[in-house]
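Letters A, B, ... are given to chains in the order of the sequence lines, protein chains preceding strands, and every chain is numbered from 1.
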Amino acid sequence: MYFFNIGTPLGIIRVWYDDQGLQFLYFYEGEKGRKVPPFLSGGEYKIWPSLYQALKDYFYGGREIDFQGFPLNLDRYTPFTREVLTFAQKHIPYRRVTSYGSLAKALGRGKAARAAGRALASNPLPVIIPCHRIVKAEGLLGGYSQGRDIKRELLKIEKVKFNLVGRVNNEVFISW
DNA sequence: TCACGGTCCAACG
DNA sequence: CGTTGGACCGTGA
């Protein structure tokens, strides 16, 4: 396993990967004492240049960066969870959002909204798998495993606007 | 099995 | 509008 760090306005990010693809991304320092998962240690420091550049552009460049092309290693997940995660990576572009229910529907499981939320809650690759772009059906923010503040900030970076009642405008909303 | 979510929506007031 | 209660479904223990 390899890893590298990169500073962002939201704290230091650490990314883990191997020859199969990306495995983990987490906020390493910053936000109230979040810890390094203990199962990750002893990796070899090695930058993945294109990914490094993409992250840098995303956080500092204010440019439309998508991570859709980067390979993921999601072997340890169940098929449904994998589907949810890969679908999110491939079909929810920059500055667009959708809901848990809509995403479930797109996978042919119209009623599995909560299950989809559960799958996203175990997203090992926030930012790269853009689970911050999935909000509640009525456009309210919804939850986020890294903390709702981070979710808000990420959407802010992408210039997704919320109205006074706290809902995203439906221009950016995708429904399947 | 079972309890638990990053939910949803119809039915209120 | 805002709130509430029940239905829903894949997971991990």
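If you check residues 125-138 of chain A against DNA chain B, the residues with a heavy atom closer than 4.0 Å are C131(A), I134(A), K136(A), A137(A), listed by number.
Taking the six-membered ring for Trp and the full ring otherwise, W48(A) and F70(A) have centroids separated by under 6.0 Å.
The OH atom of Y100(A) sits 19 Å away from the P atom of dC9(C) (whole-angstrom rounding). Spacing between atom CG of L120(A) and atom P of dG10(C) amounts to 14 Å, rounded to whole angstrom units. Across the protein-nucleic acid pair, L141(A) atom CG and dT7(B) atom P stand 10 Å apart, rounded to whole Å.
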Note, DNA chain C 5' to 3' with Watson-Crick or G-U pairs under 3.5 Å encoded as ( ), [ ], | and . gives |||||||.|||||

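At the heavy-atom level, R148(A) lies nowhere under 4.0 Å from the strands shown. Looking at heavy-atom distances under 4.0 Å, F80(A) makes contact with sugar-phosphate atoms alone, never a base. Residue G142(A) is classed as having no contact, given no heavy-atom separation below 4.0 Å to the nucleic acid.
Within 3.5 Å, no donor on the side chain of Y144(A) pairs with an acceptor on the base of dG6(B), nor the reverse. No donor-acceptor contact under 3.5 Å links the side chain of T78(A) to the base of dG10(C).
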Atom pairs under 3.5 Å, N or O on each side, protein against nucleotides 2-7 of chain C: can you list them with distances?
| residue | atom | partner | partner atom | Å |
| --- | --- | --- | --- | --- |
| dA7(C) | N6 | R114(A) | NH1 | 3.3 |

Under the criterion ring pair (Phe, Tyr, Trp, His ring centres under 6.0 Å), I'd like the reasoning laid out for F3(A) against Y45(A): C-alpha separation, chi angles, the key distance, then a yes or no. CA-CA 5 Å; F3(A) 73 90; Y45(A) 188 87; 5.7 Å; yes

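In this structure, Y2(A) and Y17(A) have tilted ring planes: the angle between them lies in the 30° to 60° band.
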